[in-house]
> 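Starting off with a structure, shown below.
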Amino acid sequence: MESNASGDDFGDIDWNTEDELEISEIPISTSNLPTPGGVTIVCNGEESSSAHSSNSKLIQHFVGMGFPDKLVVKAIEEIGEGSSEGKILDTVLTYLELQNSSEEHGCIDSDQSTSGYDESLLHDSDIDSWSDDDDEENSDDLSESEKKLQTLQKMGYSVDEATEAMHRCGPDASIAVLTDFICAAQIARAEAPDLPAEIKPKANYTCSQNGKLKRRLYAELDNRKKQRGMVGEDSEMIRLPKPMVGFGLPTDDQSSIVRERTLPEQALGPPYFYYENVALTPKGVWDEISKCLYYVEPEFVDSKYFCAAARKRGYVHNLPIQKRFPLRPLLPLNIEETFPLTKRWWPSWDSRTYLNCLQTAIGSAKLQDRIRKAVEAYDGEPPEHVKKYVIDQCKKWNLLWVGRNKVAPLEPDEFELLLGFPRNHTRGGGISRTDRYKSLGNSFQVNTVAYHLSVLKPLFPDGINILSLFSGIGGAEVALHRLGIPLNNVVSVEKSEINRNIVRSWWEQTNQKGNLIDFDDVQTLDAYKIESLAGKIGGFDLVVGGSPCNNLAGSNRVSRDGLEGKESILFYEYVRILDTVKNIMSGRRFN
DNA sequence: CACACAATGAGACTGCGC
DNA sequence: GCGCAGTCTCATTGTGTG
């Protein structure tokens, strides 16, 4: 295997072994999922099988997620001991659903119950109340605050955390708001390097341990709400921000930068994750992406704020957003400073100051010739219709003025410059010019991504282990390297051999001390391989990747089929693999 | 066979006038 | 608020050329 040729100590992993896995994959029927691509939910089969002998463990498992224990017990009784987590979850969901619909109609009436469950078990009306209500019937004399405190304690939070949250969020704050606050506070403390270790939260990721089930739960409820018309299709659609600056730019007035956000608790790491795709997708795509990635709101950024070319992209990540810093030196944001030689030839009637999105194809020589002839035909300024034709073509193909009446497309090394890669990053080794454009056109803008990833530097002073999916020409790896974050272990998955060669070549040229291991297909990276790799290297700190945009991009006139498209459907592989890594990381402790 | 070229024209958004 | 033209977009495909 190619990846074993690197002389590292990974050669002894036998990918073909049939050894029983601690992690196994259980495909969930699409009827349970909002993801038509068939996300695979990974469950711990070992734990499930041992659970027959200990129902209390399973009950504890669900109660830990905030479900009423009586419902869980009832569900297990109804569907039989030894049932899978998924079945139990479905049954509990049904109970909750029935409860919700009863309350909506204001008719909780046990006489109407035909489902076999005891509605007296239920008395909460919303998601805030999926806590253990065991004592509630005996606690009528407790104040609202005391009840909330009790609920939070049962969810595993300390009295101090709960009290602080209730104090800060006010007396009317719901349980959901309070748990959000506590999670945000945990992250903030974890990220504050100046806090003494003893007051930092321990690796308390209990909230993410059950993330996949919770995600499924939220998705299921979301679907049912939609079916009942409770949620308007458009009312919650993700809209693109204007201006497209994400949480703020390095050049912003510091006071205007967003410094806090509350992540859904199931989105918390480890690992950190960072997902990218084109911003301008068919409707609903970003809603789906966000939903599958734990309901984290995308951060939309146009790279024209980081270089002289536009690149509108959405990023979904669970990284901290405080204390970001940019790569130095900053790139110029206009064409004139980026390509000073063009200034002499730039006509006054071409008002462009920055380029459009760098794509995978360039303007042809014939087109350049047509433009030259069109402009040459006039002594002074050409008439309006000629100007319009020329400017339209220049915008469409990102052409620069490189001589008298002469336009030209960007050279590959100019692509590299604009995108933040080292010069000649994609040059040589048998790669054609066309392939260079294709690889570069599909890549990250390094400075933009590095700005987001910069927060990892103080967190991983001794280096980082990353799982890089759809690596392309290694935009994330280059960004981390340029940030000065040591790359201890990089597992890179990239279909194109040309791109894999580019990354390996870069790896060797930059004298990396760590290990680079590569795969060619995300679909073959199963739970066993991920588990083995994680075991070898001590876990993954970051899962990064931008899945194929072919079926999302506006340039595609043929098969812009959205996330169900032939290539773009691989997004669900990112979700699957991230879920697997989350599962592994929450089930074990890595040092 | 690799590469270059050009036709293709969907979908979302924006800005303008009414 | 509506209609419309204008703008932009990590592309695909078939054909031509050397």
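Scope of the values below: all heavy atoms of this structure, side chains included, with no hydrogens, waters or symmetry mates. Proteins come first, then strands; the chains are lettered A, B, ... in the order of their sequence lines, and each starts at number 1.
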> Note every stem involving DNA chain C: at least three consecutive Watson-Crick or G-U wobble pairs, i with j then i+1 with j-1, with both distances under 3.5 Å.
B:1-8 with C:11-18, B:10-18 with C:1-9
> Using heavy-atom distances to pick each residue's nearest nucleotide on DNA chain B, tell me which of A:Gly363 and A:Pro241 is more 5'.
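Here A:Gly363 is the residue nearer the 5' end.
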> If you pin A:Thr281 and A:Lys242 to their nearest nucleotides in DNA chain B, which one's is more 5'?
A:Thr281
> Reading nucleotides 7-14 of chain C from the 5' end, what letters show protein touch, with B for base, S for backbone sugar-phosphate only, - for no heavy atom under 4.0 Å?
SSBBBS--
> Looking only at atom types and distance, does a side-chain atom of A:Asn556 sit under 3.5 Å from a main-chain N or O of A:Ser559, one as donor and one as acceptor?
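Pair found, side chain donor or acceptor close to backbone of A:Ser559.
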> Scan residues 543-566 of chain A for pairs that pass ring pair (Phe, Tyr, Trp, His ring centres under 6.0 Å), counting only residues two or more places apart or in two chains.
none
> On the ring face of A:Tyr294, is A:Lys582 found with NZ or CZ under 6.0 Å from the centre and within 45° of the axis?
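Yes, A:Lys582 sits over the ring of A:Tyr294.
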> Look at atom OH of A:Tyr305 and say whether more than 12 heavy atoms of other residues, nucleotides or ligands are closer to it than 6.0 Å.
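Count over threshold, so yes.
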> I would like to know whether A:Arg433 and A:Glu411 meet salt bridge (charged side-chain N to carboxylate O under 4.0 Å, His left out); could you show each step before the answer?
CA-CA 9 Å; A:Arg433 205 176 143 83; A:Glu411 291 294 314; 3.0 Å; yes
> Would you check, one step at a time, whether the test salt bridge (charged side-chain N to carboxylate O under 4.0 Å, His left out) holds for A:Asp413 with A:Arg427?
CA-CA 8 Å; A:Asp413 64 324; A:Arg427 189 180 184 186; over 6 Å; no
> If we take the C1' atom in both C:dC10 and B:dT14, what is their distance in whole Å?
22 Å
> The side chain of A:Pro282 lies closest to which of these nucleotides: B:dA12, B:dA6, B:dC3?
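Selected nucleotide (nearest to the side chain): B:dA12.
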> Tell me whether the count of non-hydrogen atoms from other residues, nucleotides or ligands lying under 6.0 Å of NZ in A:Lys387 goes above 12.
yes
> Side chains of A:Tyr437 and A:Asp435 only: does a donor on one sit below 3.5 Å from an acceptor on the other?
no
> Would you mind reading off the distance between A:Lys283 atom NZ and B:dA10 atom C1', rounded to a whole angstrom?
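It works out to 14 Å between those atoms.
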